[in-house]
Amino acid sequence: RASVPMSKQLPATLKNRYFWLLLLLGAFSLIMNSNAIGAQIFYCNMVLQNPMFMSVLMTAGQLPGILILFLMPAVSKKWNKKTFLLMGAILIIAGFAITGLAGENTTMIVVGTVIRSLGVGPILSAVFALIPDVVEYGNWKFGIRSEGLISSAQSIGSKIGIGVGSALTGWILAAVGYNPVAEPTQAVINAVKFDYTWMGAILGIIILIIVLLLDVEKYADQYNND
């Protein structure tokens, strides 16, 4: 099959709304994840006043998501990709909300963190799984197959997400006048609480909205039969 020149691939890719939704989903998923990791040390130090609890939250925030990735092939036979994504987004919102309502109840904080982690796994894996659907949709809609450019949506989204997510905690702390050599003010402590909990829930709601718009699979019969 002759390769399609970039001068034709690029306009077709930029017109493909699912390319943009995939890019946004990858970006916001990693903004949410990177920000939670960045806020964690401040949350353990300032809010819980227990720096050693960091290792517990790191395990609770990473291990369940990794484990669920191994179960994905079996579970994927029951549900379509969008259902996965919806389940993931709802678990992320619920997990951050539970953590936000937990106060200093460490058991509840761990439960919320585990639930959030279980939601991250389906989101990150289904983003990759949707790339072929977006490619086929673009080929059906515009007559141009551009696997490379559409695959780059996840790579671009990841770079944006990690960059913004890693900086977000710093921006929030700077906005409330955080001084690393001074005793944290109540405003700083409140900002850390918000950043580690409700900020994640807000980003989860944005992810949920993107997932609801990412309905590329409804065209599967058309692009698979053409």
Is the backbone of [Y] close enough, under 3.5 Å, to the side chain of [X] for a donor and an acceptor to pair up by distance?
| X | Y | answer |
| --- | --- | --- |
| Ser55 | Met52 | yes |
| Ser34 | Leu30 | yes |
| Ser146 | Leu149 | no |
| Asp215 | Lys218 | no |
| Ser155 | Ser151 | no |

Can you tell me how far the [atom1] atom of [X] sits from the [atom2] atom of [Y], to the nearest 0.5 Å?
| X | Y | atom1 | atom2 | value |
| --- | --- | --- | --- | --- |
| Leu203 | Leu208 | CG | CG | 12.5 Å |
| Thr197 | Ile202 | OG1 | CD1 | 9.0 Å |
| Leu101 | Ile109 | CG | CD1 | 11.0 Å |
| Gln40 | Asn45 | CD | CG | 11.0 Å |
| Thr113 | Gln62 | OG1 | CD | 10.5 Å |
| Ile115 | Ile98 | CD1 | CD1 | 3.5 Å |

Exceeds 12 heavy-atom contacts within 6.0 angstrom, atom NZ of Lys82: yes

Whether over 12 other heavy atoms sit under 6.0 Å from Ile206 CD1: yes

Set of residues satisfying ring pair (Phe, Tyr, Trp, His ring centres under 6.0 Å) with respect to Tyr178, sequence neighbours excluded: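 Only Phe42 meet the ring pair (Phe, Tyr, Trp, His ring centres under 6.0 Å) criterion with Tyr178.
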
Residues in ring pair (Phe, Tyr, Trp, His ring centres under 6.0 Å) contact with Tyr18, at least two apart in sequence or another chain: Tyr137

Sole residue of Asn16, Ile131, Asp133 in side chain to side chain contact (heavy atoms under 4.5 Å, CB included) with Leu22: Ile131

Do the side chains of [X] and [Y] join up, straight or via other hydrophobic residues, at under 4.5 Å, putting them in one cluster?
| X | Y | answer |
| --- | --- | --- |
| Ile123 | Ile156 | yes |
| Val56 | Val120 | yes |
| Ile189 | Ile172 | yes |
| Trp171 | Met46 | yes |
| Phe194 | Phe96 | yes |

Can you confirm whether [X] sits close enough to [Y] that some side-chain heavy atom of one is under 4.5 Å from a side-chain heavy atom of the other?
| X | Y | result |
| --- | --- | --- |
| Cys44 | Met54 | yes |
| Leu25 | Leu85 | yes |
| Leu118 | Ile92 | no |

Asn190 versus Gln186, side-chain donor and acceptor atoms under 3.5 Å: yes

